[in-house]
Amino acid sequence: MGQVSHDVAHELEHFIVHEAKLADESKYQEWEDLWADDAVYWVPAKEDDDPAQKVSILYDNRTRLATRIRQLKTGYRYSQLPVSGMRRVISNFEYSEQAEGRYQIEANFFLPEFSIQSVRDFRIWSGRVTYLVSRRGDSFQIHMKKIVLVNGTEPIPTLSFLL
Amino acid sequence: MTSKIDYHQLIQKDKIHGSIYTSDEVYADEIEKIFQNGWVYIGHESEIKEVGDYLVREVGRSSVIMVRDKNGLVNVHSNRCTHRGNMLCNETEGNKRNFTCPYHGWVFNLDGELMDVAYPGGFDKPLDELRLQTLTSDSYRGFVFASFKEPVISLDEHLGNAKSLIDRSCEMSPTGKIDLKGGWVRQRFDANWKMLPENDTDGYHVNYVHQSFVMAIDSQYGEFVGTEESIQGVIKDWGNGHTEIDFSEGYAKTLDWLGSTPEKVKSYVDSMHEAYGAEKAEKILFDGPPHACIFPNLFLGEMNIVIFQPTDTNSAVQWSTPMFLDGAPELDFKLLRQSEGALGPAAFLLADDASIAERAQKALLSGDPWCDLSRGLNRETTDADGVISSHMTDETSNRGFWHHYRKVMSGEG
């Protein structure tokens with residue numbers, strides 16, 4: 001896989017930081033608009049699970065991702081009413097150029113969440129995130145976002161915000 | 001120890017006292033009476049296919065190992081070394097030739113017998129005095145249940161009428177077997193464990209807790225949220241705390257429950273016809289799988305198998321896995337995606353159930369402690385087998401749960 005230039009890396013980082021901010025602020029429509037038609041938004045229970053054989057915590061294609069956003073926007077998605085307070089930090093970026101003009105970005109993330117809907121818990125989520133993106137207009141579109149939680153195999157609380 | 005708690009006072013025909021969800025004393029009492037002394041669902045035989053395959057599950061405060069021994073039989077042992085009480089298995093599943101304690105190296109075979117003690121010169125007790133604690137276990141169609149104490153009634157008696165529910169789950173497969181190989185998702189609820197079985201066969205909340213789901217998604221559940229008169233589902237109390245929402249009356253067409261059509265899953269339909277004959281196969285494919293709770297901790301969640309695990313008074317874990325059908329692997333991908341859509345912390349349904357249950361856990365501590373449980377008492381019917389049925393939105397299922405719970409907790413059965 002090819003290396004990316006400093007300029008491209010800078011552009012990619014800028015895009016990922018933008019995506020993270022939209023997720024943090026529950027800007028549902030703007031976040032959905034970042035996705036390509038062949039989207040896969042995926043949170044496996046274990047990193048090397050095959051999604052054709054093992055159940056995931058979340059595995060959305062483009063249609064289901066649209067449904068997820070539609071549900072969040074109804075005003076009756078109690079597990080995000082009101083929306084969680086979130087400010088995630090994404091770091092340790094690794095970039096590579098893939099086939100068909102796609103870029104892969106891998107990073108660690110650290111996501112403090114104030115879960116305000118019922119127990120008012122302050123929670124920490126963490127893991128490794130992998131994106132596949134390609135250029136669209138003067139920005140990028142997301143083909144895949146895979147999030148491997150450090151505790152995905154353990155009992156985990158409600159996770160209906162945008163990870 | 002005889003409990004000082006008066007369960008007949010706390011659980012009445014038309015109301016229950018909120019402390020039943022919030023009291024640490026009640027929780028400790030039910031861990032003993034329900035989860036140590038009664039039949040508890042552990043796992044399915046399809047999860048441990050080979051000799052030495054094991055899995056670890058939690059039963060009340062105890063961790064247990066379910067393992068297939070050298071004779072191919074399933075054993076359930078306490079996950080605790082008989083020497084100094086260390087945990088034998090820290091992994092949740094795997095394959096072993098024997099269990100070696102990491103603390104001092106004591107070795108137990110798959111039957112739980114103590115085979116070897118390190119530095120035996122200083123140890124002169126007979127090894128057979130210190131075998132693992134093996135639970136009383138029994139199974140029905142591969143569903144393994146166990147108890148730390150010899151239960152008062154047999155598993156057959158405990159399941160009673162509800163054996164037909166397990167039969168219906170198994171008969172979704174052309175070979176009559178389910179295969180739980182899809183892995184598990186575990187969701188934490190900051191709510192008392194009893195809210196899970198109660199809510200999973202509560203037909204009344206669907207149009208409210210899941211309003212966002214109904215608005216956002218066109219699914220078969222859309223047939224169960226109309227006016228009171230239009231809802232055709234039936235709520236059932238099968239006795240012994242086993243309860244069901246029977247959706248079959250409300251389905252509009254064959255395979256509604258799968259969100260599919262006979263044309264789209266032709267090889268499955270054909271193999272069902274071959275296995276059961278046209279008439280029975282068509283009935284199975286129309287009625288679909290049960291949506292039913294088996295007391296105390298198993299939920300036959302349509303095409304999912306779900307386990308309830310109490311963790312303390314105010315928290316519980318719900319385990320879920322897709323119910324794959326032996327002989328119909330072409331459905332696996334769809335079942336995986338449906339399981340993720342319905343169950344687990346990020347799902348369209350269960351995420352909201354958790355938040356609502358957690359709000360209840362807090363609100364139950366406020367003011368007047370009583371919860372009303374009377375809905376449907378004016379229109380229930382009882383059949384010849386003692387199964388009580390009513391309108392899908394009625395609390396017949398919840399009363400069935402509580403009636404049996406009260407019996408167990410008061411030491412009456």
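Every chain is numbered from 1, with letters handed out A, B, ... down the list of sequences.
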Peer 1: Does anything in residues 326-338 of chain B reach chain A? List residues with heavy atoms under 4.5 Å apart, or say none.
Peer 2: B/Phe333, B/Leu336, B/Arg337, B/Gln338
Peer 1: Look at B/Gln318, B/Gln361, B/Met215 and state which one has the largest set of heavy-atom pairs under 4.5 Å with chain A.
Peer 2: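 Ranked by heavy-atom pairs under 4.5 Å with chain A, first place is B/Met215.
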Peer 1: Spell out, as yes or no, whether a donor-acceptor pair under 3.5 Å connects the side chain of B/Arg359 to the backbone of A/Gln117.
Peer 2: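 Checked: pair present.
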Peer 1: Distance-only criterion, 3.5 Å: show the donor-acceptor pairs between side-chain atoms of residues 40-48 of chain A and protein atoms not counting sequence neighbours.
Peer 2:
residue	atom	partner	partner atom	Å
A/Tyr41	OH	A/Leu163	N	2.9
A/Trp42	NE1	A/Ser56	OG	2.9

Peer 1: To the nearest 0.5 angstrom, please state how far the CZ atom of B/Arg186 sits from the CG atom of A/Asn151.
Peer 2: 10.5 Å
Peer 1: Hey, is CD on A/Glu100 packed in by over 12 heavy atoms from elsewhere, all under 6.0 Å?
Peer 2: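 Atom CD in A/Glu100 is not crowded, with 12 or fewer foreign heavy atoms closer than 6.0 Å.
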Peer 1: Which of the residues B/Ala347, B/Ala360, B/Ala191, B/Gly344 is involved in the greatest number of heavy-atom pairs with chain A at under 4.5 angstrom?
Peer 2: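 Answer, by heavy-atom pair count under 4.5 Å with chain A: B/Ala347.
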Peer 1: So what's closer than 4.5 Å to chain A heavy atoms on B/Tyr208: side chain, backbone, both or neither?
Peer 2: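 B/Tyr208 touches chain A through backbone heavy atoms alone.
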Peer 1: Tell me which donor-acceptor pairs under 3.5 Å the side chains of residues 177-185 of chain B have, and how far apart each pair is, sequence neighbours excluded?
Peer 2:
residue	atom	partner	partner atom	Å
B/Asp179	OD1	B/Lys49	NZ	2.7
B/Trp184	NE1	B/Glu47	OE1	3.1

Peer 1: If you count every heavy atom of other residues, nucleotides or ligands that lies below 6.0 Å from A/Gln3 atom CD, does the total exceed 12?
Peer 2: no
Peer 1: With only heavy atoms counted, which part of B/Ala357 is less than 4.5 Å from chain A, the side chain, the backbone, both or neither?
Peer 2: neither
Peer 1: When rounded to the nearest 0.5 angstrom, what is the spacing between CD in A/Glu154 and OG1 in B/Thr92?
Peer 2: 8.0 Å
Peer 1: Ignoring hydrogens, what is the shortest heavy-atom contact between A/Ser79 and B/Ala351? Give both atom names and the distance.
Peer 2: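 Heavy atoms of A/Ser79 and B/Ala351 come nearest at CB-O, 3.4 Å.
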Peer 1: Within this structure, what is the CZ-CZ distance for the pair B/Phe348 and A/Arg70, rounded to the nearest 0.5 Å?
Peer 2: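 Result: 8.5 Å between the selected atoms.
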Peer 1: Using a cut-off of 6.0 Å, state whether more than 12 heavy atoms not belonging to B/Tyr204 lie near its atom OH.
Peer 2: no
Peer 1: Any idea which heavy atoms bring B/Ser355 and A/Ser118 closest together, and the distance?
Peer 2: O-CB, 3.6 Å
Peer 1: Just give me the residue among B/Ser320, B/Ser339, B/Gly341 that pairs up with chain A most often, heavy atom to heavy atom, under 4.5 Å.
Peer 2: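 The option with the most such pairs is B/Gly341.
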Peer 1: Looking only at atom types and distance, does a side-chain atom of A/Arg77 sit under 3.5 Å from a main-chain N or O of B/Ser212, one as donor and one as acceptor?
Peer 2: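 Pair absent, no side-chain N/O of A/Arg77 close to backbone of B/Ser212.
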Peer 1: Counting heavy-atom pairs under 4.5 Å to chain B, which of A/Ala66, A/Pro51, A/Gly152, A/Ala52 comes out on top?
Peer 2: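 Among A/Ala66, A/Pro51, A/Gly152, A/Ala52, the one with the most close pairs to chain B is A/Pro51.
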Peer 1: For the CD atom of B/Glu91 and the OG1 atom of A/Thr153, what is their distance to the nearest 0.5 Å?
Peer 2: 12.0 Å
Peer 1: B/Phe213, B/Phe324, B/Trp319: which one forms the most heavy-atom pairs within less than 4.5 Å of chain A?
Peer 2: B/Phe213
Peer 1: At a heavy-atom separation under 4.5 Å, does A/Gln71 approach chain B through its side chain, its backbone, both, or neither?
Peer 2: both
Peer 1: Suppose a student defines contact as a heavy atom less than 4.5 Å from any heavy atom of chain A. Which residues in residues 301-311 of chain B would they list?
Peer 2: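 Within residues 301-311 of chain B, no residue comes under 4.5 Å from chain A.
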Peer 1: Is it the case that over 12 heavy atoms from other parts of the model lie below 6.0 angstrom from the CG atom of A/Asp37?
Peer 2: no
Peer 1: With a 4.5 Å heavy-atom cut-off, do A/Asp121 and B/Glu358 have their side chains touching?
Peer 2: no
Peer 1: At a heavy-atom separation under 4.5 Å, does A/Ser115 approach chain B through its side chain, its backbone, both, or neither?
Peer 2: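 Nothing of A/Ser115, per the 4.5 Å heavy-atom cut-off to chain B.
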Peer 1: With chain B, which of A/Leu81, A/Asn61, A/Thr67, A/Leu58 has the greatest number of heavy-atom pairs at distances under 4.5 Å?
Peer 2: A/Thr67
